[in-house]
*Asks:* 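I am attaching a structure below and will ask some questions about it afterwards.
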Amino acid sequence: MIGLVDCNSFYVSCERVFQPRFLGLPVGVMSNNDGCVIALSNELKALGIKMGTPAFEIQHLVRQGRIHLLSSNYELYGDMSARVQEVLEEYSAGVEPYSIDEMFVRFDGFAKDQRLKHARQLHRKVRQFTGIPVCVGVAPTRTLAKLANRAAKKIPTYQGVCVLHPDSRETQVLLKKIELGDVWGVGRRLVERLAVIGIKSAWDLAQADPKRIRRQFSVTLERTTLELRGIPCIEMNDFHEPRQRIMTSRSFGKLTGDMSEIREAIRQHGQRGAEKLRSQNSLARAVLVFLKTNPFRQDLPQYSPSLILELPRPTNDSRAILSATGQALQRIYRKGYLYQKGGVMLLDLIDAGRQQLSLFDTPQSDADRQRSEKLMGVMDELNRRMGRSTVTLGRPSPGAAWHLRCANRSARYTTRWDELPIVRV
């Protein structure tokens with residue numbers, strides 16, 4: 001058996017932990033640059049506001065005090081996600097993160113009559129130790145666990161916890177009620193194609209011939225069919241496997257053509273990419289830098305260049321990577337354009353412990369590598385302890401155009417000790 005623990009309205013819940021004044025109020029969290037609403041409390045949903053609603057369309061409700069919109073604070077959310085995972089690891093046999101707010105939890109070793117009790121314990125402990133409300137769905141497969149979690153969230157009688165057994169009457173009734181589009185991995189186009197052959201619900205798919213499904217659709221959908229029957233077929237990817245490329249990119253706070261501002265943004269992306277590279281113990285052989293104008297502003301000239309530069313040797317040293325990104329930017333930048341976005345991608349990654357030395361390497365080269373590793377290690381440790389960007393190569397100008405708009409961002413309560421509110425007793 002496996003469980004899925006899903007944090008309810010996660011971004012909003014994180015904000016409420018540190019700002020309890022928002023409890024019970026309609027609250028939304030906006031995307032980068034305060035563009036649109038990407039997380040909504042139940043109270044905000046009840047007002048008819050949908051996911052993806054542009055923030056400017058509902059600013060009149062903010063001014064009237066009827067709703068509250070907050071800027072996204074991803075450092076806070078990431079930290080709270082790690083806290084939730086720590087609690088689950090303490091009370092379970094293993095945790096497999098699926099996303100920032102969803103984690104699969106192993107129920108190995110629990111007897112059938114103990115599963116519901118343990119699921120309720122997880123439900124209670126996460127809320128007790130982190131302040132984050134969650135729903136827990138338990139089933140023999142990940143696909144059924146997803147559906148159990150959905151039932152726990154949508155059906156009040158479950159009170160946030162649902163345990164399904166594959167041959168039970170309860171599971172059969174639930175599968176008949178669930179629309180095909182709500183099944184994990186079944187997208188809109190698949191729903192339309194399956195409807196042609198009479199498969200319109202999760203129960204219909206579970207009763208279909210798996211071999212026929214494989215012939216007409218794919219092996220992936222065949223596995224989903226078997227999972228709905230309670231036969232485990234889907235294993236999570238190894239989340240500790242190093243990525244093959246690392247992208248750091250973000251839209252600017254506003255359109256800009258200032259070379260110095262764009263250079264600062266590219267430097268920040270390059271440094272962040274190098275940190276990610278070191279965290280997975282990899283080296284990059286090449287760097288890609290790109291810029292983009294706004295394709296929806298047809299009244300402005302359009303230009304979206306990119307350039308790949310090969311590094312002299314595989315590296316994860318921020319200095320070498322920033323040197324390459326600076327050269328690439330210098331070659332692709334053109335005056336007369338207003339840029340909306342820029343980014344850096346680190347390519348052709350290799351394991352740092354398996355790099356092949358050059359014939360031209362000398363003892364001095366090895367000493368340089370060791371000094372580089374020590375320097376980068378000290379930088380990363382200081383940033384880990386004191387907060388991201390405590391130590392950087394160059395300090396960005398405050399208020400530059402490329403900075404994200406985040407007028408309503410909460411303090412970094414759990415990552416920056418110097419921003420903690422002072423409580424006097």
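Every value quoted in this text rests on a predicted model; they were computed, and no experiment measured them.
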*Asks:* Grab the two heavy atoms, one from Val17 and one from Thr130, that are nearest each other, plus how far apart they are.
*Replies:* CG2-O, 3.6 Å
*Asks:* Is the cationic atom of Arg83 (NZ for Lys, CZ for Arg) positioned less than 6.0 Å from the six-membered ring centroid of Phe129 and within 45 degrees of its normal?
*Replies:* no
*Asks:* Under 3.5 Å, is there a donor-acceptor pair between the Gln85 and Glu89 side chains?
*Replies:*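 Gln85 vs Glu89: donor-acceptor pair found between side chains.
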*Asks:* Compare every heavy atom of Leu47 with every heavy atom of Pro26, then report the nearest pair and how far apart it is.
*Replies:* CB-CD1, 4.0 Å
*Asks:* Please evaluate residues Thr293 and Gln302 with respect to the criterion side-chain hydrogen bond (donor to acceptor under 3.5 Å, both in side chains), reporting the C-alpha separation (whole Å), side-chain torsions for both, the decisive distance (0.1 Å), and the verdict.
*Replies:* CA-CA 6 Å; Thr293 52; Gln302 299 295 310; 3.0 Å; yes
*Asks:* Ignoring hydrogens and geometry beyond distance, is a side-chain donor-acceptor pair present between Glu15 and Tyr77 at under 3.5 Å?
*Replies:* yes
*Asks:* Under a 3.5 Å cutoff, is there a donor and acceptor pairing between the side chains of Thr256 and Asp258?
*Replies:*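 No, Asp258 and Thr256 have no side-chain donor paired with an acceptor closer than 3.5 Å.
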*Asks:* If we ignore angles and hydrogens, is there a donor and acceptor under 3.5 Å between the side chains of Ser318 and Arg278?
*Replies:* yes
*Asks:* Is there a side-chain contact between Glu227 and Arg142 (heavy atoms, below 4.5 Å)?
*Replies:* yes
*Asks:* State, without any angle test, whether Glu170 and Ser168 hold a side-chain donor-acceptor pair at a distance under 3.5 Å.
*Replies:*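 No, Ser168 and Glu170 have no side-chain donor paired with an acceptor closer than 3.5 Å.
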*Asks:* State whether the number of non-hydrogen atoms from other residues, nucleotides or ligands found under 6.0 Å of Lys177 atom NZ is greater than 12.
*Replies:* no
*Asks:* Any carboxylate oxygen within less than 4.0 angstrom of a Lys/Arg side-chain nitrogen, looking at Glu102 and Lys146?
*Replies:*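 Yes.
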*Asks:* For the residue pair Ser99 / Asp101, report whether a side-chain donor-acceptor contact shorter than 3.5 Å exists.
*Replies:* yes
*Asks:* Look up atom CD1 in Ile266 and atom CG in Leu322, then write down how far apart they are to the nearest 0.5 Å.
*Replies:*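 Separation between the atoms: 10.5 Å.
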*Asks:* Please report the closest heavy-atom contact between Phe290 and Ile332, naming both atoms and the distance.
*Replies:* CA-CD1, 4.2 Å
*Asks:* Donor-acceptor check, side chain of Ser41 to backbone of Leu44, threshold 3.5 angstrom: yes or no?
*Replies:*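 Here the side-chain-to-backbone pair exists.
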*Asks:* For the residue pair Leu277 and Ser279, establish whether any side-chain heavy-atom pair is separated by less than 4.5 Å.
*Replies:* no
*Asks:* Provide the closest heavy-atom pair for Phe10 versus Ser81 in the form atom of the first, atom of the second, distance.
*Replies:*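 So the two residues come closest at CZ-N, 3.7 Å.
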